Amino acid sequence: MKVLVINCGSSSLKFQLIDSDTEEVLAKGLCERIGIDGGMVTYQPEGKDKIKKQADMPDHTEAVKLVIESLIDKENGVISSLDEIGAVGHRIVHGGESFSSATIIDEKVIKAIEECNDLAPLHNPANLIGIRSCQKIMPNVPMVAVFDTAFHQTMPKKAYLYGIPYEYYKKYKVRRYGFHGTSHEFVSKRAAEFLGRDINDLKVIVCHLGNGASISAVKNGKCVDTSMGLTPLEGLFMGTRSGNLDPAILQFISNKEKLTIDEMLNILNKKSGVLGMSGVSSDFRDLGEAAHEGNEQAKTTLEAYSYRVAKYIGSYAAAMNGVDAIVFTAGVGENNIEVRQMIGEYLGYLGTGVDKDKNNIRGEEAVISPDGAKVSVLVIPTNEELAIARETVKLVG
Ligand code: ADP
């Protein structure tokens with residue numbers, strides 16, 4: 001079956017067409033500046049160069065139309081008609097407590113996603129627009145919602161409750177949800193396969209280190225804890241997000257700088273993390289370069305980043321009363337040799353670490369712990385689109 005995977009943002013739409021039999025990506029692309037002047041569609045059929053074309057897209061329905069036009073285009077298309085698309089899989093950021101797995105989209109599901117809008121005001125409404133637009137253009141194609149939060153719904157109450165009055169959980173569902181669930185599930189399963197181990201008898205810590213970053217503790221295939229919370233702001237510090245901090249800092253800085261809560265949150269989401277701390281960039285490549293050129297603040301930022309990841313690994317080893325495998329994934333986890341090495345320095349007490357030679361790889365599956373280590377340290381590239389396509393086919397059949 002050919003599955004169209006859609007990841008819809010407020011002014012962008014990313015897509016991949018995946019052949020679920022071969023798991024090959026037939027084409028992929030991106031619509032940018034939807035609803036804004038200067039729209040741009042990038043389309044890349046498998047094995048060919050990217051094709052960029054300017055096209056104003058007043059709304060997401062227009063963007064979906066252009067995606068389909070590209071996919072069936074005589075010269076560069078990869079299918080002959082819309083009918084070849086067997087299903088659409090939508091990435092949905094927040095499923096709240098309503099969804100612990102992917103689900104076929106109907107009106108009831110749309111309503112339940114809408115009810116989670118409050119929890120992810122920047123993402124869920126955009127995800128819903130994506131669903132509605134696809135329904136308009138492909139009314140007879142079954143659609144599936146795959147949630148970023150679903151995999152983490154197995155977390156026990158002791159892990160997901162905050163130490164605040166319980167009434168806020170009861171009234172507003174304020175609790176930890178976690179994100180990147182599709183990736184944590186995909187990578188933990190793949191790590192078990194790669195090691196030839198039974199996932200149902202394995203303790204895995206997945207470090208998803210991308211622009212956004214989160215860690216999860218996966219015991220016997222189920223998530224028992226993860227570092228992101230009610231929103232993706234909690235946990236590690238990331239490209240531009242602060243991660244954990246003393247909540248009183250909000251009041252302190254807002255008083256000093258005369259900022260509103262919204263302005264403070266904007267700073268914590270967009271101007272903090274490695275960007276804020278280093279003053280260099282949110283991109284780890286720039287950060288690494290600056291550190292090599294002797295920028296002390298960049299060096300400290302890399303140290304602080306690795307230190308925080310290592311502390312989470314320690315706490316999740318404690319949460320699971322042990323760990324069998326520690327896995328690095330996403331942009332930084334898959335590619336940043338130096339950061340992995342720095343984190344590895346903290347793992348000696350677990351009877352493991354990162355071997356310098358084995359660690360000299362990028363973007364491929366590998367064991368990077370030394371021979372004979374008690375705990376395997378691995379790199380496993382994530383593939384959220386493929387995971388969404390697999391979930392979609394499982395439900396659509
Ligand atoms: P997103 O959360 O946006 O999906 P990614 O998973 O693509 O983010 O990760 C982006 C990060 O990965 C950037 O900080 C980038 O510097 C880092 N990265 C990507 N490739 C490399 C590389 N070859 N070496 C070092 N860092 C890399």
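Throughout, residue positions are numbered sequentially from 1 according to the sequence presented. In this text, all values refer to a predicted model and were calculated from it rather than measured experimentally. Indexing begins at 1, ligand by ligand and atom by atom, following the structure's order.
Ring geometry, Y169 versus Y160: the interplanar angle falls from 30° to 60°, so the pair is classed tilted.
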Using residues 387-397 as the side-chain source, report each donor-acceptor pair under 3.5 Å to any protein atom, sequence neighbours left out, with the distance given to one decimal.
unit_1: R390; atom_1: NE; unit_2: E23; atom_2: OE2; d: 2.8
unit_1: R390; atom_1: NH2; unit_2: E23; atom_2: OE1; d: 2.8
unit_1: T392; atom_1: OG1; unit_2: I388; atom_2: O; d: 2.7

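Around ligand 1, the residues contributing at least one heavy atom under 4.0 Å from the ligand are G210, N211, G212, S282, D283, F284, R285, A330, G331, V332, N335, N336, R362.
For H208 and S214, the side-chain atoms include no donor-acceptor pair closer than 3.5 Å. Side-chain atoms of N335 and R362 form no donor-acceptor pair, as typed in the model, at a separation below 3.5 Å.
Salt bridge annotation for E385-K14: absent, with no cationic side-chain nitrogen under 4.0 angstrom from a carboxylate oxygen.
Interatomic distance, Y43 OH to K50 NZ, rounded to the nearest 0.5 Å: 14.0 Å.
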